[in-house]
Amino acid sequence: MTTYSHRETIPILPERRNNTEVFCTYLMLDTQNCPPLIKWQNIPALKRNFELYQKHNQTFRQLLSQQNTIQSLSMFWRNIIIASAPILEEWEPKNSRKLALQHLASLFEKNCYYASKKVWLNSQDRSWDEYLSSARIFVYSSDNLVKVLKSYDEAQATLDTYLQQTLIKEIKNYQICKFSQWRLVVKKSDKELREALQRAGYQEPYISQCIFARKYFQQVYRFNKVQNPALRKSGDKWLEPDSEDFQAATECYNAEKSLSCAPHEVSAGSSISIEQMQAWMKTSIEALKKYDQVIIYSSENIQNVSPIIQPQDSDKLWDASEPEIISLEAEESDSEANPLLNQTKLDFHEQLDRLKPDQHKILLLYYGVGLKQKQLETQLGTSQSAISRRLNTIKKQLLRTLIQQSQPQAWVTNYVVEWLHKDFRAPRRSDLIEAALVQSTKKLTVEAQHILFRRYGQQLNEQQIASQFGLSLLDIKTIIAESQHKLQAYLIKELPLWEKEYVEEWLKSFYYSKICLAHEHLNLSLEIAYDWETMDKIVEECLKILISQKKGE
């Protein structure tokens, strides 16, 4: 962290030249120079969105000509964000709320600067850029920003003034160490912690175990330290946890790891020690610190908005995570299921090679771009019922192909046995078959679950398990064999549902990959805000790619 010793070392904030820059750039602190410099970095996705509204929205154009343009445009974006059920125009991007939030965050970059500067000039307990970082973390949190926008009263002050006052309060909270590393690990959501651990390179089952452990540390630490009036008053510094806190959290973890609400990866693992609990919390803190730094200082994360929405996606505000594409082909395995999937993939390609360009176009727009059937009706000039019939016809063809290939009695038995031995502790949740097997273990008796967790999770041999449960070796072998048969029967029962879902996910993955390739060929960003003309160009390029691949070019 850079340390500033006198006022003159705070870099000067450059002016932004026009309205587009005010709402479409983010602040970049260049500490390589001495003194450090501030630069405004363009966000192409926001600039395109700004120009899109300028072109198609008459109200927006009128606001640009008003005297108090910044406040007017701020309220324009705010109204999009807080509207309960906004009705989008045909040209508007589906993630309009998310983009509106980012336009306002761009505006508020200067408020982060001035708020942090004001606090630092009065108290230099920490470096100015550390105060700046805390302000930007607040602004780039969708929950924080939406809360501020909803509580804002236009009659009291301009929106950016109101936001700046809020930031000063937040920075002062940070200044008195309210935002300690323990507050970080307690306050962050499970989703944020999972993403932070993933970015730090951790994998399952470690991630699920760490999140489950944090759950009990949160409860114990809040009760013992944060909300204990004998030790801490509201607004005071968060205290360091002690050995009793970690011990209590460890005991909770071990007592509840075998409950049905516990993640499979946790139940399959062993009981933990107080040292393991401490290590997990330390890992969480370090991962979250790096995660916040990446969120604030990386232009990729600030711009992480994709207009390509998968079918049935909700319009969540500022969800930085990419939706996971469920795939059965992500990792190689020695199981007999993989040859089936590989052959199915080849057969699927043969089926798609027989499709006509207009059929491909529907699939590209529906699965690749993520348009709804009603939008396709407008775009293609074809009734929604006709579009639905065409989609169902294609999916039925692929489903028949999959059913012909899938002879479950020939491979399910070996697949289940191999999964138990190799992947039981850390199943791939993105794999539909493994996800089904995880669910099937929850349908076994509690005794059978505990025996499987010890046999395949903790890698105990059958004699050790028999000693722990006070049963004979034959009893343990019988319970394990019966459990395997039940898992196999459950999987065979679930396969028809899995087959339908697999077809859906395969089509999403296939056509989305073609859309991405078309963007690359046309030198377009995936963050582009679509208009129909651009979409037609992308689809046309996709069709060229499909034809060339069919010919083997």
Does [X], at its [atom1] atom, have more than 12 non-hydrogen atoms belonging to other residues, nucleotides or ligands within less than 6.0 Å?
X	atom1	answer
L259	CG	yes
K47	NZ	no
K442	NZ	yes
Q219	CD	yes

request  = Could you walk me through whether Y26 and W40 pass ring-ring contact (aromatic ring centres under 6.0 Å, His included), step by step?
outcome  = CA-CA 6 Å; Y26 71 94; W40 291 112; 8.7 Å; no

Taking distance alone, no hydrogens or angles, what donor-acceptor pairs closer than 3.5 Å link side-chain atoms of residues 204-212 to residues at least two apart or in another chain?
| from | atom 1 | to | atom 2 | distance (Å) |
| --- | --- | --- | --- | --- |
| E204 | OE1 | S208 | N | 3.2 |
| E204 | OE1 | S208 | OG | 2.9 |
| E204 | OE2 | R194 | NH1 | 2.9 |
| E204 | OE2 | S208 | OG | 2.9 |
| Y206 | OH | T283 | OG1 | 3.1 |

List for me each residue that meets ring-ring contact (aromatic ring centres under 6.0 Å, His included) alongside [X], sequence neighbours excluded, and say none if there are none.
X	value
Y152	Y162
Y113	W128
Y456	H421

Suppose we screen for side-chain contact (heavy atoms from CB on, under 4.5 Å). Which residues come up paired with [X], at least two apart in sequence or across chains?
X	value
K147	none
T250	N254, I272, I274, M277
T161	A157, T158, Q165
S440	L437, L487, Y490

request  = Could you pull out all residues at least two apart from E21 that satisfy salt bridge (charged side-chain N to carboxylate O under 4.0 Å, His left out)?
outcome  =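 For E21 the salt bridge (charged side-chain N to carboxylate O under 4.0 Å, His left out) partners, ignoring immediate neighbours, are R17.
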
request  = Check salt bridge (charged side-chain N to carboxylate O under 4.0 Å, His left out) between E504 and all other residues, then give those that pass, not counting sequence neighbours.
outcome  =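 Expected list: K395.
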
query = Can you find a heavy atom in the side chain of S270 that is under 4.5 Å from one in the side chain of Q276?
reply =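 The answer is no; the side chains never approach within 4.5 Å.
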
key: Close side-chain approach of Y367 and W506, heavy atoms under 4.5 Å   =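 They are not in side-chain contact.
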
query = Which residue pairs satisfy the salt bridge (charged side-chain N to carboxylate O under 4.0 Å, His left out) criterion with at least one member in residues 208-227, sequence neighbours excluded?
reply =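 The answer is D190-R214, K225-D242, K225-D245.
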
query = With E286, which residues qualify under side-chain hydrogen bond (donor to acceptor under 3.5 Å, both in side chains), at least two apart?
reply =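 Checked E286 against side-chain hydrogen bond (donor to acceptor under 3.5 Å, both in side chains); zero matches.
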
Backbone N/O of [Y] and side chain of [X]: donor-acceptor pair under 3.5 Å:
X	Y	answer
R97	A83	yes
S141	F138	no
H264	A435	no

task = Would you please indicate if the ring centroids of F217 and F246 are separated by under 6.0 Å?
result =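 Yes, the ring centres sit under 6.0 Å apart.
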
request  = Give a yes-or-no answer on whether the side chains of Q247 and E251 include a donor-acceptor pair shorter than 3.5 Å.
outcome  =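 Yes, a side-chain donor-acceptor pair sits under 3.5 Å.
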
task = Identify the heavy atoms of P14 and I38 that sit nearest to each other, and give their distance.
result =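 Answer, listing the atom of P14 first, then I38: CG-O, 3.3 Å.
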
